[in-house]
Amino acid sequence: MKKSKLSRRITWRVIGIMSFFNVLIVGVIVAFVFVLSLGNGSMRGQYVTNGIVSNVETMLQLGKTVTFNNRSDIEANMDSPEHVFDTLEQILKINKRLAGCFIAFEPDYFKGQGRWFEAYAYYADSTHIDCRQIGSPQHDYFNGAWYQRGLSLERDDDGYLTDLYYDGTVNSGMFCSYVVPIYDRQGRKVGVYGVDLSCEMVNIAINETMNNVRKEFMVDAQGDIGDDGDIYFSIQILDSKGNRIAGSDSLDVSMLKGEQELVDSELDMKDLKGTPYYINAKQLGSTGWTLVAFQHRDLVFTWGIVIAIIILFCMVVGSLVIFFFTSWSIRRTTKPLAFLSDSAQEVAKGNFDASLPKFKRNDEVAQLREESTTAKASIERELAIAHNIQMSMLPKTFPAFPNRKDIELYAALVPAKAVGGDLYDFFIRDEKLFFCIGDVSGKGVPASLVMAVSRTLFRNVAAHTAEPNHIVETMNKNICEGNENCMFVTLFVGVLDLQTGHLSYCNAGHDAPYIQDKLLPCDSNLPIGVTETCQYSKQETDLVSGTTIFLYTDGLTEAENANRELFGQQRITDIVTAFKGSPQELIETMTAAVHQFVGDYEQSDDLTMLAFKLAIKPSNSNSNI
């Protein structure tokens, strides 16, 4: 049966899948850009309107708060014009954001002051407050809507906020006022009290927002980003009749009057003389004003379209590059499979010189399955043999010294792979216990070879010297020779005099062991195998009878569970501190704790522990621990 080439089948599948997803991605990008542009435009408009409305409503709330908070002070100081002016001036000093404050009294309230008496305090400049009596036949406030409306309110009413108006009596400008009625000590209405808020504060809030918009979206000072004369961004405040009372005058607001009933919509397209705009609008509290943000359609969509074009261009170019490299890679990868398939066919025909086993499959990859399985089984057998050889190099018969009563020792090593890079060793010579524990960088076969060399070096060197630093230095020099792969070993070597309890030790970058429930102080020496010239320090201490020493590799502290949490130093400390049994029981307890913590999660590093306990009282009982 004729077989199609695997490379051709894979290539056409890749082309089909890429074509399908390219079409899908193009549609998703177009839809995403449209939705994203609208969303950005809406958020931009809402950001502008919400920010300005918040500032304006804060300003209006300031007027209301100041008015109500100070009405009682006003009513308590109406016995003379001087007290009235002093009270108004004090209110302005405390509330510097107000344009002014006033009290308009009923006719002939103060004898000798005439029919009209309206006390007014205002900022003549940024620091100086001026007070004036502005009531007169020319400024007949009795007929003013603000006065009549304020006088008609009761004490428990919210007060009255006026529409925006022009006032040229003192400081010419646009203002709005918040007024409430005031009462004398007999509970009679005697006039109105209020504060003035300048429209300039509204324009400041709008200008600050416009500056932020210009910086963020690169709109120039006139709101244009093109040469066609269209306004791309504008902010205006309209009164209840649709007239502009604040904000940019770059757009003729009269063109919106015919569409006024739609201004409250959040994001509707409008047509101003044929120019499409998106509009965000929001009411300013109970003022009857409407804040409107106008965005040209190009501002909403231009950057999204540019980004979409860039993404599509990169996607097309990337797809072509991926297609050609994928096709080339597939052909290159599957070419050896075709050769192997042909060789297998030759074997099937009787050509026994072919290198493949004598079996036949219809697919090139499937034809290699049996060989791969056989090779894997062979490797596993070899690794099992290597594991047995490696384990046989370490002392594993316990009790380690059954004929001695002065030392009790136990150790365990569990490699993360079939073979590992952890090591431990111990022996007694001249009534001294020589012991070591180490961790080779890396895992697997390379680490196991360095481990075997390190263990052999320890035995050979320790047979001729009892100085742990000399043992480490000699091992370091030998490991550094020909160390082209730059592998290193963290190592702890100790020599314990079983008669006196004197311990001398040398640490080469290994985790400090525990003596009882405390960590043994260790100098920060480099691991062996890093540099041949490294000098290693010797440290000493004395142990008392019953002292337990616990040594371990970082496979204990760095044991991970399914949540990628580490077993950690604190758990080790807690177990060692609470434990009172034998070295074997200590290691078994620690192993059980690690297994419970890790659960079914795969072991990430070799786990090695060594513990021993002095069972006799040394002649020198002084301890530095």
Contact between Tyr147 and Asp140 at the side-chain level, heavy atoms closer than 4.5 Å - yes or no?
no
Separation of Leu551 CG from Leu556 CG (nearest 0.5 Å):
11.5 Å
Less than 4.5 Å apart, any side-chain heavy atom of Asp511 and any of Thr553?
no
Before you tell me yes or no, could you show the steps for Ile129 and Lys93 under side-chain contact (heavy atoms from CB on, under 4.5 Å), namely the whole-Å CA-CA distance, both residues' side-chain angles and the distance that decides it to 0.1 Å?
CA-CA 8 Å; Ile129 297 176; Lys93 287 181 179 179; 3.6 Å; yes
So, Asn525 versus Ser537: side-chain donor-acceptor pair below 3.5 Å or not?
yes
Between side-chain atoms of residues 81-91 and protein atoms elsewhere (two or more places apart, or another chain), which donor-acceptor pairs fall under 3.5 Å?
residue	atom	partner	partner atom	Å
His83	ND1	Asp79	OD1	2.7
His83	ND1	Asp79	OD2	3.2
Thr87	OG1	His83	O	2.8

Under 3.5 Å donor-acceptor, Thr557 side chain and Gln569 backbone:
no
So Leu153 and Tyr160, side-chain contact (heavy atoms from CB on, under 4.5 Å) or not? Walk me through it.
CA-CA 8 Å; Leu153 298 175; Tyr160 170 61; 4.0 Å; yes
Is a side-chain donor-acceptor pair under 3.5 Å present for Thr573 with Tyr514?
yes
Does Asp108 offer a backbone N or O that forms a donor-acceptor pair with the side chain of Gln113 under 3.5 Å?
no
For the backbone of Ala119 and the side chain of Gln133, can you confirm whether one donor and one acceptor N or O come within less than 3.5 Å of each other?
no
Are the side chain of Arg71 and the backbone of Arg155 linked by a donor-acceptor contact shorter than 3.5 Å?
yes
Using modelled atom types only, decide if a donor and an acceptor are shared between the side chain of His510 and the backbone of Tyr552 within a distance under 3.5 Å.
yes
Working note: Arg149 + Val192, criterion side-chain contact (heavy atoms from CB on, under 4.5 Å); need CA distance, chi angles, decisive distance, verdict.
CA-CA 9 Å; Arg149 181 69 179 272; Val192 298; over 6 Å; no
I want to check something: taking the side chain as every heavy atom from C-beta on, are Asp523 and Gln539 in contact at a cut-off of under 4.5 Å?
yes
Short side-chain to backbone donor-acceptor contact, Asp184 and Gly187, under 3.5 Å
yes
In plain terms, say whether Glu154 and Lys189 are close enough for a salt bridge, that is, a side-chain N and a carboxylate O under 4.0 Å apart.
yes
With a 4.5 Å limit on heavy-atom distance, are the side chains of Pro107 and Phe142 in contact?
yes
Can you list the steps and then say if Tyr601 with Asn563 is a side-chain contact (heavy atoms from CB on, under 4.5 Å)?
CA-CA 9 Å; Tyr601 195 64; Asn563 297 324; over 6 Å; no
Strictly distance-based, threshold 3.5 Å: is any side-chain N or O of Asn95 a donor or acceptor partner for the main-chain N or O of Leu98?
no
Is there a ring pair (Phe, Tyr, Trp, His ring centres under 6.0 Å) between Phe567 and Phe597? Walk through the geometry before answering.
CA-CA 7 Å; Phe567 189 73; Phe597 176 79; 5.6 Å; yes
Sub-4.5 Å side-chain heavy-atom contact between Phe550 and Gln516:
no
Set of ring pair (Phe, Tyr, Trp, His ring centres under 6.0 Å) partners for Phe492, sequence neighbours left out:
Tyr505
Can you measure from CG (Asp158) to CZ (Phe68) and round to the nearest 0.5 angstrom?
5.5 Å
Are the side chain of Asn561 and the backbone of Glu565 linked by a donor-acceptor contact shorter than 3.5 Å?
yes
Taking the side chain as every heavy atom from C-beta outward, state whether Ser177 and Val195 have any atom pair closer than 4.5 Å.
no
Nearest 0.5 angstrom please: Leu520 CG to Ile515 CD1, how far?
4.0 Å
Within a reach of under 6.0 Å around CZ of Phe488, are more than 12 heavy atoms found that belong to other residues, nucleotides or ligands?
no
Would you please test Asp196 and Tyr122 for side chain to side chain donor-acceptor pair (under 3.5 Å) and show each step?
CA-CA 9 Å; Asp196 286 344; Tyr122 63 97; over 6 Å; no
Among Tyr141, Phe175, Tyr193, Trp146, exactly one meets ring-ring contact (aromatic ring centres under 6.0 Å, His included) together with Phe102. Which residue is that?
Trp146
Can you give me the closest heavy-atom contact between Cys534 and Leu526, atom names plus distance?
SG-CB, 4.1 Å
CG (Leu62) and CG (Leu197) are apart, to the nearest 0.5 Å, by 6.5 Å
Any heavy-atom pair between the side chains of Tyr183 and Val190 that's under 4.5 Å?
no
I want to check something: taking the side chain as every heavy atom from C-beta on, are Pro181 and Ser152 in contact at a cut-off of under 4.5 Å?
no
Interatomic distance, Gln596 atom CD to Arg571 atom CZ [nearest 0.5 angstrom]
10.0 Å
In this structure, CD of Glu106 is separated from CZ of Arg188 (nearest 0.5 Å) by 11.0 Å
Sub-3.5 Å donor-acceptor pair from the side chain of Asn70 to the main-chain atoms of Asp73, do we have one?
no
Do any N or O atoms from the side chain of Thr577 and from the backbone of Asp574 form a donor-acceptor pair under 3.5 angstrom?
no
If you measure only the distance, is there a donor-acceptor pair under 3.5 Å linking the side chains of Asn69 and Thr67?
no
Evaluation steps, ring pair (Phe, Tyr, Trp, His ring centres under 6.0 Å), between Phe110 and Phe105:
CA-CA 9 Å; Phe110 287 112; Phe105 290 93; 5.2 Å; yes
